[in-house]
Every structure is written in C-alpha cells, then in structure tokens.
**Q** 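Have a look at this one.
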Amino acid sequence: MKVLIEAEEIREAVAGLGETLARDYLGKKLTVVGVLTGSVMLLADLVRAMNLPLRISLIRASSYRGTSTRPGELEVDEQLLDDVAGRDVVLIDDIFDSGRTLDSLLEILRDRKPASLRSAVLLWKTGRQQVEVEPDYHCFRIPDVFVVGYGLDYNGEYRYLPHIAGLDDSELQPQDDPGLM
Ligand code: IMP
Ligand code: MG
C-alpha cells in the first residue's frame with residue numbers, strides 16, 4: 001500500500017472546501033446529504049470546517065460486491081433521507097469514479113424538489129467518467145488507481161485510515177485486476 005495523500009493534505013483541502021461552501025451557502029437553507037458509508041469522514045470534517053448553520057442527512061448507496069473493485073448494480077437506500085423540498089442541497093461523496101453513483105443520487109434528490117442541488121467529492125478519478133454530470137466541488141484529482149482510507153474501503157476494510165492509499169495489483173483479488181476493468 002502506497003500513501004497517495006497524507007492526512008495533513010486532506011485536512012488542508014477539506015478546510016479549504018469548507019470555507020468555499022461556507023461562502024457559497026451563507027444565509028441559505030442548507031442540507032448536506034452524505035452518501036453512506038464512504039463519505040462519513042469527509043462529512044464529519046467538512047461540516048465542522050464550514051462553521052455554518054446546516055442540516056445533515058444521509059443516503060446509502062453501494063455498487064461493489066464482496067471483494068470486487070468493479071461496479072455492479074447500484075443499490076440505493078433512501079430511508080435515512082430527510083425531506084429536502086425547498087432546501088439548498090449539497091450531496092457529499094468520497095469519490096467520483098465512473099460517476100454513475102453521483103448521477104443516480106442527484107436524480108433521486110432532484111425528484112424531491114430541492115431549491116438547489118450541487119455535489120462535492122473528496123476525490124475525482126481521472127479517465128473513468130461514464131456520465132455527463134461532473135461534481136461541482138472536489139478536493140483532489142487522482143490517477144486511475146484503486147484507493148482506500150479516509151472512508152474509502154476495499155471489501156469493507158481500510159476505511160479507518162487517516163490518509164488515502166493506493167492498492168496495487170498484488171493487493172487486489174486476481175479477478176479484480178484493474179487492467180481487466
Ligand atoms: P462511481 O459510481 O463509479 O462513480 O463510483 C462511486 C462509488 O464507488 C464511490 O462512492 C465509492 O464507494 C466506490 N469507489 C469508486 N472508486 C473507488 C476506489 O478507488 N476505492 C474505493 N471505493 C471506490
Ligand atoms: Mg461509496
């Protein structure tokens with residue numbers, strides 16, 4: 001495992017994003033919607049960096065099965081999502097990869113008639129995008145490697161790491177060789 005982004009770099013970038021959002025949403029009826037489980041670290045750090053009155057809501061999405069790094073069918077659980085009608089919503093996720101998750105979740109949120117809707121991610125993986133939509137805010141662009149830490153997992157592991165690390169092929173199951181994705 002190789003460290004790609006140190007904890008200190010993440011702290012600085014998240015603080016910067018928090019300041020930007022605080023400026024953009026001053027005086028608005030903001031609801032920050034975190035995508036479980038990957039966004040928990042970002043969500044917790046970001047709202048504290050914003051230092052602004054806001055509501056926190058959650059939605060659950062999963063697209064990976066078992067040890068696979070390849071996306072499967074997207075499963076969404078809206079049970080934890082509060083009413084966002086008429087509110088200014090920012091959807092928060094850990095990473096923008098193919099973009100299918102963000103695209104689908106924005107669609108679901110749009111149906112609930114928010115006053116405005118934007119998205120923010122910690123990481124934006126280069127060269128993998130399969131959708132038109134792009135995140136409105138992001139902290140880092142990263143190359144096409146499978147990453148873990150700061151909320152991101154591989155088969156449920158490594159979310160607790162304070163930094164972002166890249167897994168190389170020998171650390172992934174053979175069927176998940178990114179070269180085959
Ligand atoms: P997308 O729908 O392809 O954009 O994938 C987004 C979701 O897939 C994220 O919310 C992550 O949970 C997961 N994901 C994508 N790339 C990675 C990665 O490199 N490491 C861990 N999880 C990832
Ligand atoms: Mg996720």
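In each ligand, atom 1 is the first atom listed, and ligand 1 is the first ligand listed. Side-chain atoms are counted along with the backbone in the values below, which use heavy atoms only and exclude waters and symmetry mates. Fair warning: this is a prediction, and the values are worked out from it, not measured in the lab.
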**Q** Any non-hydrogen atom of Val148 lying under 4.0 Å from ligand 1?
**A**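 Per 4.0 Å heavy-atom rule, Val148 does not contact ligand 1.
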**Q** Hey, does Leu102 sit under 4.0 Å from ligand 1 if you only count heavy atoms?
**A**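 Not so, Leu102 does not reach ligand 1.
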**Q** Among Leu58, Ile59, Val33, find the residue that satisfies the side-chain contact (heavy atoms from CB on, under 4.5 Å) test when tested with Leu80.
**A** Leu58
**Q** So if I count the atoms of ligand 1 from 1 in the order they appear, which ones are less than 4.0 Å from some heavy atom of Arg100?
**A** 2 (O), 4 (O)
**Q** Can you sort out which atoms of ligand 1 are near Phe146, meaning under 4.0 Å from one of its heavy atoms?
**A** 17 (C), 18 (C), 19 (O), 20 (N), 21 (C), 22 (N)
**Q** Pick out which of Leu122, Asp94, Leu161, Ile5 makes a side-chain contact (heavy atoms from CB on, under 4.5 Å) with Tyr150.
**A** Leu122
**Q** Does Leu152 approach ligand 1 within less than 4.0 angstrom via side chain, backbone, both or neither, non-hydrogen atoms only?
**A**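 It is the side chain that touches ligand 1; the backbone stays farther off.
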**Q** For ligand 1 and Gly99, I'd like to know whether there is a polar contact (N/O to N/O, distance under 3.5 Å).
**A** yes
**Q** Backbone or side chain, does any N or O of Phe96 fall under 3.5 Å from an N or O of ligand 1?
**A** no
**Q** By number and element, which atoms of ligand 1 are closer than 4.0 Å to a non-hydrogen atom of Ser98?
**A**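 Numbered from 1, ligand 1 contributes 1 (P), 2 (O), 3 (O), 4 (O).
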**Q** Output the list of atoms in ligand 1 that are nearer than 4.0 Å to some heavy atom of Lys125, sorted by atom number.
**A** 16 (N), 17 (C), 18 (C), 19 (O)
**Q** With atoms numbered from 1 as shown, which atoms in ligand 1 lie under 4.0 angstrom from a non-hydrogen atom of Asp97?
**A**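 Contacts of ligand 1 toward Asp97, numbered from 1: 1 (P), 3 (O), 4 (O), 5 (O), 15 (C), 16 (N).
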**Q** At less than 4.0 angstrom from any non-hydrogen atom of Asp93, what atoms of ligand 1 do you find?
**A**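 So the answer, numbered in order with elements, is 10 (O).
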